[in-house]
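Before any comments, here is the structure.
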Amino acid sequence: MCGIIGRVGDGDAIDTLLTGLENLEYRGYDSAGVAVQNGAGIKVQKRSGKVQELKNSINGAPLEGRVGIGHTRWSTHGPPTDENAHPHTDSTADVAVVHNGIIENYATLKTQLREQGHEFTSDTDTEVIPHLIQQYLDEDMENEAAFRRAIERLEGSYAVAVMFSGEHVIYAARQGSPLVVGIEDDEFFLASDVPAFLEYTDSVVYLEDGDVAIVEPDGVEFTDLDGNAIVREPETVDWDPEQAGKGEYDHFMLKEIYEQPTSLSQAIEGRIDPETGSIDLDGFPAGTFEGVDSVQFVACGTSYHAALYGSLTLTQAGVQSTALLANEYSVSAPPVDENTLVIAVTQSGETADTLSALRKASENGAQTVTVTNVVGSTASREADDTLLIRAGPEIGVAATKTFSSQAVMLTLLGQRITADVRGEESVGDLSPLLSDLERMPDQIESVLERSAAREIAEEYDGSQSYFFIGRGLGFPVALEGALKFKEITYEHAEGFASGELKHGPLALVTPDTPVFAVFTGVEDEKTLKNAEEAQTRGAPVIAVCPEGHPATDIADAHLEIPEADSDLAGLLANVQLQLVSYYAADLLDRPIDKPRNLAKSVTVE
Ligand code: M6R
């Protein structure tokens, strides 16, 4: 997974390319590079490290050109060196290529090209592309034909953008990795994701697998790989550039934590009516899931925790449901048939593991739904139906606001599924739940205003390990609390079902292992007992619960949450845990928005 940017228009491209790369850095930050087209041919500049390294190098040797492509990399083939950074060129430097994805047959292609005399300078799979193109140019093909012919030879997944020396054109193709075109009067953009060029245009075309886009100074031509014209209409995105920027916050993650009241309001707007107790999910009318007898959720990471949350609410309502790690699905998928509903939960809609599970479920005849934040994403296009969580752009690699929106939307979708499985119009009186849901944005606001997370992060800074426990819907929140903590602090953290602590993990508990206990109002007395068991072994207990809760009598510290429906209390607790992780990572001076070795969207299996 990497970020691609391209720009064609009047004036200089370099600032637009660098800004685009900075906006895409969440997709990978191992190296960055640009290629621009000027009178003297193609000029490439690339550096290992973050975009800032590239900018520093360009400041010393300015680049100019009206047309350019750029790339920010998350390494798959070869370490993050200058040589492995994109763009890659052929040996004559007449063809420059940036690529996101994996070329599965690159080793075969590389061997063939070597035999034909091509010399390679990087370890990447990508470098075969400019050499393949060069091979066809040497056979007297025109640029476009050579591009198409080379793309046809690729197996695997790719979003590719190519420039030829002497031509103010970018050729792009998509298969399995995202690519969007931005259109603004006489300026055109190409990128892996919309935030790359959002400050210039909100008019975008989402390319589909098999599409080719030829971006020229006077317009964009869309074709299939054989060159047949296709129609791709621009859509207007309603994310504003300010939303995608950091604003007054030090980090995107903190901004996105603080955006949760807004993102949740957006998620539920027009979809719930607490007075009548009705839920109206666009595209999911009563009866949508008639005939469904079981539900499987597939997802990874934070989205898996949201999926587990959604699955548990269904199980509690009596619907047969399970949440599965998408990366395990290929080897351990339970049987499915046309009465199975498989729900892919994925913020980006591009996670390769989740796409693979979704495809397997479809092939085996299941009904499929994608719950995602990204309009036009691959998962959304491949599933039978899509439910958008409407969280707005999330740039921090650590998922925060998308988790709460996913969990809430899955809770609402769960009501529709339960009613349909039971053959009822709706599930009992939903007014109390929906009223609580309507109050949630304000409740999160009050958590954000009054949180003691910073003090608690300071108090327990330097501990050996951090444990998170919860029961029922508190369990996925405990898992998520631990994932967030380890992801951005690099400290050891684990989440457990509260009752599981005594079955092994208790051996790890010492006075140096704070235990965060999440209370959701369901069997809290048992969770409290489990917390006390840890405390008896010397561990400090931080209770995440409402004021006056019995846990506050024994706890060493308290993170307060408002009283809420037990289906939603865990999400308020999660906001507190997000803040603890954030402040703990900040104390350690970690690169919070770009934790080491990670990237926002993982497009390899
Ligand atoms: O885009 P997705 O929701 O499919 O991503 C899945 C995981 O890679 C993601 O949730 C990851 O675990 C988070 N960045 C963790 O904060």
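Hydrogens, waters and symmetry mates play no part in the numbers below; they use all other heavy atoms, side chains included. Numbering of ligands and ligand atoms starts at 1, following listing order.
Distances between N or O atoms of Ala399 and those of ligand 1 include at least one value under 3.5 Å. Checking only distances, Lys600 never comes within under 3.5 Å of ligand 1, N or O to N or O. Taking distance alone, with nitrogen or oxygen atoms compared against 3.5 Å, Gly301 stays at or beyond that limit from ligand 1.
Close contacts of ligand 1 with Ser303, meaning ligand atoms under 4.0 Å from a residue heavy atom, involve 2 (P), 3 (O), 10 (O). In summary, the atoms of ligand 1 found under 4.0 Å from a heavy atom of Val397, numbered by their order in the structure, are 13 (C), 14 (N), 16 (O). Proximity to Ala398 (heavy-atom distance under 4.0 Å) selects the following atoms of ligand 1: 16 (O). Atoms of ligand 1 found under 4.0 Å from any heavy atom of Glu487 (numbered from 1 in listed order, with element): 13 (C), 14 (N), 15 (C), 16 (O).
Evaluated by nearest non-hydrogen atom to atom 7 (C) of ligand 1, the leading choice among Ala344, Ala299, Cys300 is Cys300. Looking at Ser581, Gly349, Ser348 and measuring to atom 1 (O) of ligand 1, the nearest heavy atom belongs to Ser348.
Using a 30° and 60° split on the angle between ring planes, Tyr249 and Tyr258 fall in the tilted class, from 30° to 60°. Ring geometry, Phe485 versus Tyr466: the interplanar angle falls from 30° to 60°, so the pair is classed tilted.
Using 4.0 Å as the threshold, Ser601 has no heavy atom nearer than that to any atom of ligand 1.
When only non-hydrogen protein atoms are considered, atom 2 (P) of ligand 1 lies nearest to Thr351 OG1, 3.2 Å. Nearest protein heavy-atom neighbour of atom 8 (O) of ligand 1: Val602 CG2, 4.1 Å. Protein heavy atom closest to atom 10 (O) of ligand 1, with residue, atom name and distance, is Thr302 N, 3.1 Å.
Within the 4.5 Å cutoff, the side chain of Leu413 has no heavy atoms near those of the Met409 side chain. For the pair Arg73/Arg27, no side-chain contact is recorded, criterion being any heavy-atom separation below 4.5 Å from C-beta on. Within the 4.5 Å cutoff, no side-chain heavy atoms of Arg471 are placed close to those of Val522.
Atom OG1 of Thr288 is separated from atom CD1 of Ile417 by 9.5 Å, given to the nearest 0.5 angstrom.
Arg174 forms no cation-pi arrangement with Tyr158, by the criterion of a distance under 6.0 Å to the ring centre and an angle within 45° of the ring axis.
At a heavy-atom distance under 4.0 Å, only side-chain atoms of Lys484, from C-beta outward, approach ligand 1. With a heavy-atom cut-off of 4.0 Å, Glu350 does not touch ligand 1 at all.
Between Tyr582 and His251, the gap from one ring centroid to the other is short of 6.0 Å.
With a 6.0 Å radius and a threshold of 12 heavy atoms from other residues, nucleotides or ligands, Arg450 has its CZ atom at or below the threshold.
Under the side chain to side chain donor-acceptor pair (under 3.5 Å) test applied with Thr302, the options Glu480, Gln347, Glu487 reduce to a single match, Glu480.
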